[in-house]
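This report refers to the structure that appears directly beneath it.
Given the structure is predicted, the values throughout are model-derived calculations rather than measurements.
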Amino acid sequence: MQLSYLGHSGIALEIDTTSAYKGQVLIDPFLTGNPVATASEDDFSPTHIITTHAHGDHYGDTETIATRSGATLISTFEIVNYAAKRNVSGHGMNIGGGYTFDFGRVTFTPAWHSSAFPDGTYGGMPMGVVIESEGKTLYHAGDTALFSDMRLIGETWSLDVALLPIGDNFTMGPDAALKAVALLSPRVVIPIHYNTFDLITQDAEAFKAQVERETDARCVVLEPGQQYTV
């Protein structure tokens, strides 16, 4: 599984399973209006798009990309219904539910945050997501505060990668994210949701040093456009 960091919380996964699936899955594709993005929505043709919640910096270019590529939107029941009115096909889910798609299994987890579209429409509960594919397990926390049940996520899944927000103000900051690493026990942690705007400026290298000094995880800091093989 090849992971590309799109900036902010956006991720592109290139998946080539031992079954018939070979393609691309996007998570929270916020590209248009993203000051740190190195790619545009025209650069992606996914089969599926996963959105963790309805805020514009996560739902982002979902409609434009899905309309052009025919991608299936995987998200909350409310977000999928909202997108359906805009001719985007989707698969609605909710926290605690899992479903096996052709690229792998998706399970949504809690996230402590809020969720509404820019027009004020309620987007359902915000979520994190666990993806199991190619014998690997990836956890994208979405926008969230630290919460103690992260320990259950770490106990339920052996996480190869945890993508955790560190920006503070709207989500966990570095200190809380460090505690999240201890609860989750991932093999690798990748910081997200920072340095997009002045309000969430953080020193990712300092976070990396602290993670590797105080936990057993390795921290991989990616610049927008860089890749990591899970």
Side-chain angles (χ1 to χ4, degrees), residues 1-16 21-76 79-80 82-91 101-104 106 115-119 121 123 126-129 131 133 138 140-143 161 163-167 170-171 190-202 204 220-230:
M1 192 190 314
Q2 184 96 356
L3 180 157
S4 297
Y5 182 47
L6 308 182
H8 204 54
S9 294
I11 301 294
L13 298 175
E14 303 291 340
I15 299 173
D16 187 358
Y21 180 86
K22 183 176 182 179
Q24 184 182 74
V25 176
L26 297 185
I27 306 174
D28 288 354
F30 168 48
L31 299 161
T32 302
N34 180 345
V36 300
T38 60
S40 73
E41 55 92 6
D42 291 328
D43 295 323
F44 302 96
S45 295
T47 62
H48 299 78
I49 300 173
I50 299 171
T51 57
T52 60
H53 61 292
H55 289 164
D57 60 331
H58 294 260
Y59 188 72
D61 294 285
T62 292
E63 291 177 16
T64 304
I65 296 172
T67 299
R68 174 175 48 77
S69 68
T72 297
L73 172 62
I74 305 170
S75 194
T76 63
I79 288 175
V80 167
Y82 180 93
K85 296 175 183 177
R86 290 151 178 78
N87 299 314
V88 174
S89 63
H91 182 102
F101 297 89
D102 53 359
F103 65 85
V106 171
S115 181
F117 288 93
D119 65 8
T121 302
M127 303 187 296
V129 61
I131 299 173
S133 182
L138 178 147
H140 187 299
D143 277 9
V161 172
L163 296 140
L164 302 179
I166 67 165
F170 300 110
T171 69
I190 298 175
I192 59 173
H193 203 278
Y194 69 99
N195 289 1
T196 319
F197 312 106
D198 289 345
L199 197 57
I200 57 172
T201 298
Q202 297 294 338
V220 176
V221 176
L222 297 177
E223 296 296 326
Q226 289 186 328
Q227 298 179 331
Y228 174 75
T229 300
V230 180

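- Separating the OG1 atom in Thr52 from the OH atom in Tyr59 is a distance of 13.0 Å, to the nearest 0.5 Å.
- No side-chain heavy atom of Asp28 sits less than 4.5 Å from a side-chain heavy atom of Ile192.
- Between the side chain of Asp61 and the backbone N or O of Glu41 there is no donor-acceptor pair closer than 3.5 Å.
- Side chain of Thr62 to main chain of Ile49: no donor-acceptor pair is present (N/O by atom type, distance under 3.5 Å, no hydrogens or angles).
- At distances below 3.5 Å, at least one donor-acceptor pair connects side-chain atoms of Ser75 with backbone N or O atoms of Thr51.
- For the atom pair CG of Asp43 and CD of Gln24, the computed distance is 9.5 Å after rounding to the nearest 0.5 Å.
- Smallest separation of non-hydrogen atoms from Arg68 and Phe44: NH2-O, 2.7 Å.
- Residue Gly123 comes nearest to Phe117 through the heavy atom pair CA-CE1, 4.1 Å, listed as atom of the first residue, atom of the second, then distance.
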Evaluation steps, side chain to side chain donor-acceptor pair (under 3.5 Å), between Asp143 and His193: CA-CA 8 Å; Asp143 277 9; His193 203 278; 3.3 Å; yes
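- Remark: side-chain polar atoms of His140 are paired, donor with acceptor, to backbone N or O of Ser9 under 3.5 angstrom.
- Atom NE2 of residue His58 and atom CD1 of residue Ile79 lie 10.5 Å apart, to the nearest 0.5 angstrom.
- Annotation for Pro165 and Gly142: closest pair CG-O, 3.4 Å, computed over non-hydrogen atoms.
- Residues passing the side chain to side chain donor-acceptor pair (under 3.5 Å) test with Tyr5, sequence neighbours excluded: none.
- Side chain of Asn195 to backbone of Gln202: a donor-acceptor contact under 3.5 angstrom is found.
- Within the 3.5 Å criterion, the main-chain N or O of Thr64 finds no donor-acceptor partner in the side chain of Thr67.
- Test Ile15, Thr229, Val230 against Gln2 for side chain to side chain contact (heavy atoms under 4.5 Å, CB included) and you get one pass: Thr229.
- With hydrogens and angles disregarded, no donor-acceptor distance shorter than 3.5 Å links the side chain of Gln227 to the backbone of Ser4.
- Separation of atoms CG (Leu26) and OG (Ser45) is listed at 9.0 Å; rounding is to 0.5 Å.
- Side chains of Ile27 and Ile131 form a contact here, defined as non-hydrogen atoms less than 4.5 Å apart.
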Is there a side chain to side chain contact (heavy atoms under 4.5 Å, CB included) between Val129 and Ile74? Walk through the geometry before answering. CA-CA 10 Å; Val129 61; Ile74 305 170; over 6 Å; no
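- Closest heavy-atom contact between Ser115 and His53: OG-CB, 3.4 Å.
- Using modelled atom types, one side-chain atom of Ser133 and one backbone atom of Phe103 make a donor-acceptor pair closer than 3.5 Å.
- Across all their heavy atoms, Thr196 and Phe30 have their closest contact at CG2-CE2, 4.4 Å.
- Using a 4.5 Å heavy-atom threshold, the side chains of Ser40 and Leu31 count as separate.
- Ile190 is not listed as a side-chain neighbour of Ile11, based on a closest heavy-atom distance of 4.5 Å or more.
- For Phe101 and His91, the ring centers sit closer than 6.0 Å to each other.
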Checklist entry - Val220 and Gln226: side chain to side chain contact (heavy atoms under 4.5 Å, CB included), yes or no, with the steps? => result CA-CA 11 Å; Val220 176; Gln226 289 186 328; over 6 Å; no
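- Minimum heavy-atom separation, Gly7 to Val36: CA-CG2, 4.1 Å.
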